[in-house]
Every structure is written in C-alpha cells, then in structure tokens.
Novice: 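What follows is a single structure, and I will ask about it in a moment.
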Protein chains: 2
Amino acid sequence: MKKHLLIPTLALSGLALTIVAPPVDAQPRVVEETIEEEMGSEYQSLRLVRVVEGLEQPWAVAFLPGDRMLVSERPGRLQLIESGTVTEVSGLPGDLHARSQGGMLDVVPHPDHEANGWIYMTYSKGTEEATVPALSRARLDGSRLVDVEELFESNEYTSPGRHYGSRILFRPDGTLLMTIGDRGAEPERAQDPADHSGSVVRLNDDGSVPRDNPFVGSDGHAPEVYSYGHRNIQGIVQHPQTGEVWATAHGPRGSDELQLIERGENYGWPDASLGRDYRTQEPWSERRRYEPDFRAPVFEFLPTLAPSGLAVVEGGGFAEQWQGNLLAGGLRAQRILRLVVENQEVVHAEELLLHRIGRIRDVRQGPDGHIYVLTGESDGGLYRMEAVD
Amino acid sequence: MKKHLLIPTLALSGLALTIVAPPVDAQPRVVEETIEEEMGSEYQSLRLVRVVEGLEQPWAVAFLPGDRMLVSERPGRLQLIESGTVTEVSGLPGDLHARSQGGMLDVVPHPDHEANGWIYMTYSKGTEEATVPALSRARLDGSRLVDVEELFESNEYTSPGRHYGSRILFRPDGTLLMTIGDRGAEPERAQDPADHSGSVVRLNDDGSVPRDNPFVGSDGHAPEVYSYGHRNIQGIVQHPQTGEVWATAHGPRGSDELQLIERGENYGWPDASLGRDYRTQEPWSERRRYEPDFRAPVFEFLPTLAPSGLAVVEGGGFAEQWQGNLLAGGLRAQRILRLVVENQEVVHAEELLLHRIGRIRDVRQGPDGHIYVLTGESDGGLYRMEAVD
C-alpha cells in the first residue's frame, strides 16, 4: 500500500518542477549599469560598471573587432555581445560534453583575427563516462560558428570531470600554450611527460607540434608538452615587457600558486607541494622543498585564492604604479589581487573588489584599456573596471 | 573686509562643536549579544558574541580572577568589566600622555596575579613635545589602581607620537618581553642597540635587567635589549608547545611580517626590508635579502594585514586542526588570520571575521578557552568567539 501511495507524490513533485518558472534574469542581457562611480584603491580610483547580467557560470571573455565580445558559459554555450544585445552563438563543437568542472571553457581570438577570423576555444569533449580537454578553432558568421576545426585533444579520456586547466595563451612567436589540469583522480599523471594531463602544451596555431618543443624526439615524452608537473592552471598571461609567462594554479588546500612557466621545466606536482590535504589539513606531500628537481612556485597564495583569470595591466589610463602589475582573479577568495612583480618576486599585493561582485572567474584587459571581469555564480555577470582620473 | 567677515564664521564653527552631543553609545556597556549563532570556518563552527560595545579605541584586554576583565582604551583609560557592568578605573599613571598612536596601551596580569595582585601596563609618557613608551605595574583596589610603580621607560624622548610597540609578554622563566617601536621619525635608531627604540627589551618582573640578557656588559648596547632591528611589533606570544616567541610587526607598505624572536638577533629594519615606500611604491631599501647579517621574517603578509594582537589556540574546545595555530589580528585588513605554523614555516592560513566586526586591535584566548577580540574603531567593541560542537 505504502509503495503505491508514493507514486502520486512523485508525479506531483515532477509536475511542480515544470510549473516553477526560471528566474526572470536567467537570460543574459546588457545592462551597462554603474555600480561604483569612484572606488578607492592604492594609486588609482576606479569606476565599476556591470556590463552584462544573467550569465550562467561564465568562464572566459574575448574581444572581437567592432566592440563585440564573446563570453563562454561553462554549461556549454557561447554568447555574442554586440550593440547592446546578447545572442547565443550556434554551431559549437558537437562533441562538447559539459559535466562537473567541464563544458565550454576558454575563448580567445587569434592575434591576427582581423585578417583570418579565427577564434580559438577549449572545452571538455566526450561522454558521461570520460572526457578530455580539447581545443578547436572556428570563424564567426553572424552568430554562427563556421569552419569548426579540432586542433588538439588531450591524450587520455578520463573521469571525473575535474581539473581541465584549458586556458589558452597566444605568444608572439606564433605558437599557443594551452594548460591541461591533472584531471583530479590520479595526480601522479602530472609527472608523466607522455601524458598531457598536468602539463602546459605548446602548439602551432594550426594544432601541429612546433619542431622546437622541448621534448620533440624524446622517448616517453609527448611532443606537445612544454612544461609539466602542474595540478590545474586557471590563469596564464605573457608579460608585455619581460616576455615572462605567468600562471596561477590551484593547489590542494593552502597552496594555490603563482608560477613562472618556462620550457621543459617540471613544477613538481604531486611529488612536491606546499599544500595540505583538504580533509585532514595534513601535508599533501612529505616534500615541501622543490629544489633541486623541480621549479618552485614564485608565490604561494595564503590564504587560499582559488585562482582563475590572470591579466597584466598595460596602459588603459591606469596609474604608473599599476603598469605591468598582474591582476589575479580568485573564486573562493572573491577578490582580485593586484600583484607587483619585480625580478620574479611578488613585492606587493593589493586586494580589489573584495567580496564585492562574488567569485572571480576571469580577468582580462580589453582593447579599450579597461579591465573586464567575469563572476562565476549561476547568475554571473560581466563587469568593467575603468581608471578614473 | 573679507578678513573681518571670517571671524564670525570661525566663532560659529567653534560654537557648533560645543553644541554637538557625544553619541549616545559612547559610554561602554556590557551587551552579551550573539551576533552569529553558528559561523562557518575550516574544521570549526564558531559562535560570535558581542560582549561590550561603546569602547573608544580599545587596545588590549586582560583577564582577572572572578570573570573580571580589564580593557585599555588608547586615549588614556582603563575599563573594568565585572558582573555585567563597565567601570572606569582611576589612579592611572599621572605622566601618561595620549597623542597620535600613543596613550594607554597594553595591559597584562602577572602570571602569579592571584598571589601578588600585580597588573602590568604600557603607555606613552611625556609631553606634547616628546614621549616615550613606559612600563608600570599596579594593583587593583576595587576600581582604583594602587601601588603604581614605574618599572621601565624607553631611553629617548622623541616626537612624533608613533610606533610605540608596547606589547608585553610574560615568559615561563619569570622575565617579560616588551616591544618598542622605532618611533617613526628616524628608523635607523632600530639598528642602534644602545637605543631602546626598535627593539624588544627583556626585564625581570621588578623592572631590573636579567643578568643573562644578551648584551649585558657589551659596550654600546643597552643591557635591556633582547633583540633589535624591529619597526613596530604589535603582537607577541609564546607558543605553549614549542616555546617559540612569535611576533607580528608593521612594515612599510607591503611588508608586514611574522617574526620568530630570538635572543641577540637583529631583524634588519631599516637596512633590509621587503617593504615599499607608502607614497611611491618604490622599494624601501635596496636590500631585500636579510641573510647573512639579519634574521629574515618567517612570513610576509601580502596583502597588507596591519597586524595587531596575536594569540595561540590552546584547548578551548577548538578542533584538533586549530590547536597550536596562531591567530593574528589585522587592523587595515579587518580580519584575523589563523596561521598553521610547522617547523617555523606558515603552511596554511585561513581568514576569520573578514570585514565582519571592523579593524582588529587585539586577539587573546581567555581562561575560559574562548577567543576574545577587540575592534579598534572610535566606537569599538569586545567580542568573543566560541567553538561550537
């Protein structure tokens, strides 16, 4: 009898779900609303503008000619922002499979986008059982992706859907770097240079392997690997003055790191780590010293930042003291850290937007010089930080 | 004509000042109000209770037998909290002179207070022109200080009224340490071991110099000096397990430090510093390396903490993972950092009370095991943080 009584209850519950309307603001829309007219910070007053609201877990923002922007939404969408409207882009790679931390991830225009129209994107690809981070490029025809071309996929399908890495950085030599996380289940894969997981890979813009990659021709090494021993890099940028490549990486508890990425280097994960086990607070590894086998992080974020998004300030009307500074977004920390780096040391840090707009997922400087920030909540937003004289 | 017109305006302005009544809550009072029933943190839920409100720039809290507490207020008062009432203590040292960062500062009971009744206090002493940090002890008769006895004053009266240091730490060997800041105008005094400024001094409990002090009998050294090269230590505690003495010190911008205090050591200020000039963001010193001449800080607080108050968690029903952790208060940062220290390294940090109750001036563990926190606003408060099962 009891069993039978459950059936109508479940049916009712299912009915209730279909009746509940989605929140009114679930659809992304351009608002261009000034949140703070003049916000104080060291050396620089800032205006904070909410540009778009109603984004669902936005992951990356890219700038296209004609004031257009693309924003990826992790659950598997790309939104085109143009002339005050938001339009969902069609034609995404058909094998994109969004689960857990995976989905539609980074999106970056080719440095010669104006000439060739290419847009590069990373995403998780596969099935409910197993996925890999993948890289494709495509062109935009109106609001439709065309000429979609897969350039690279990581070399082992795996579960769970975590630690994809997936940030893209184009470099002045015409190559690109793509970060790949350790995939979360078997961290020791980051120490295997034959496994793309836990590495930074370097590719030509057509996906081919540059002949001068550090491990080309080395047995037991994947030729795409540029550096390895990484856990999960979620921000990467090249410094315009020094040419240094900086990355922010998630560690186990208490060891989020700023790393200087150099060719052929091993960053130690998981054999060396400053971090702690999330559950017990016990050290992750017996080994806290990176030298002489591994490259040590340049800076450890204490307390936890949970970094995502990394930009360098260049021009934009920002104060002289800000020029060349890194801006590192933080999810858990809900702030941006302005990091003053000199001689490969962090010498000063300032918190920006502390608990002001939520979890920070991406930070980029736009072609207009302003700093664009994505917040990662289910009702996420795109914000603009402008220098105020 | 214009000059004459200014006179009545100024007079009116003066009148207005006398008419404005002090805020109703300027008088401190016990409220015992639960602010948060159960506040999340790593490994430990916390209850937050506002115990006293209406304190004016409280600086230190001390615990006396019979659930009594003393709170110093920087402008020159001592408040006795007893049976739900707050009573101003009379009989403070007559030469106390409050200006700028000076006034009534630390207050600590003698370890054998129950037997001898002594209460130790630091304060700034002098005139409008020049002051020194001083140490006295007294007994409490009702709400009146009696038997007031000056034990020590720093050896150079100076202006401006900044960087007094003035934290007191009793050690198990019967001596006490008192921190003395560099006094703000001539930082190089911290490198002169004949000058108490910029040092930690070590005294017997009667103010005499322990014969085993590191510089006793050394020419050009004040015999009270235990360590030097300090800028402004505002938190000091001895770890109950390791016996290590930990201190938190204000540096120039971006270089607030956690220091391990050891006898006879020079901590480098101002010849070596990780800090930056407040105005220009330029390095304070050419020298960022402490070794081999100086003791390097164990940890640099980035971003700025502006530390004040330092406690060690011992018992109190707090989670095992919290035992032996340091709790470092922050004024500018408006938070407490829980620091996990192992082998003289900070291996993990968690933010507590972030922007929740304002600028943190003091953090102590009470004899009841709870953590007591003073906030330093003009309308300051005393808070209690309790472990919740």
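Protein chains get the first letters and strands the later ones, always in sequence-line order, with residue 1 at the start of each.
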Novice: In terms of heavy-atom proximity below 4.5 Å to chain B, should Leu339(A) be classed as side chain, backbone, both, or neither?
Specialist: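 When you check distances to chain B, no heavy atom of Leu339(A) falls under 4.5 Å.
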Novice: Give a yes or no on whether a salt bridge exists between Arg332(A) and Glu42(B), defined as a side-chain N under 4.0 angstrom from a carboxylate O.
Specialist: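 Counted as a salt bridge, because a side-chain N and a carboxylate O are separated by less than 4.0 Å.
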Novice: Distance check, rounded to the nearest 0.5 Å: Thr304(A) atom OG1 versus His348(B) atom NE2?
Specialist: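 It is 5.5 Å, given to the nearest 0.5 Å.
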Novice: With heavy-atom distances below 4.5 Å as the criterion, would you say the side chains of Glu350(A) and Pro303(B) are in contact?
Specialist: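 Not in contact.
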Novice: Does Val347(B) reach the side chain of Leu302(A), with side-chain heavy atoms less than 4.5 Å apart?
Specialist: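 In short, these two side chains do not touch, never coming nearer than 4.5 Å.
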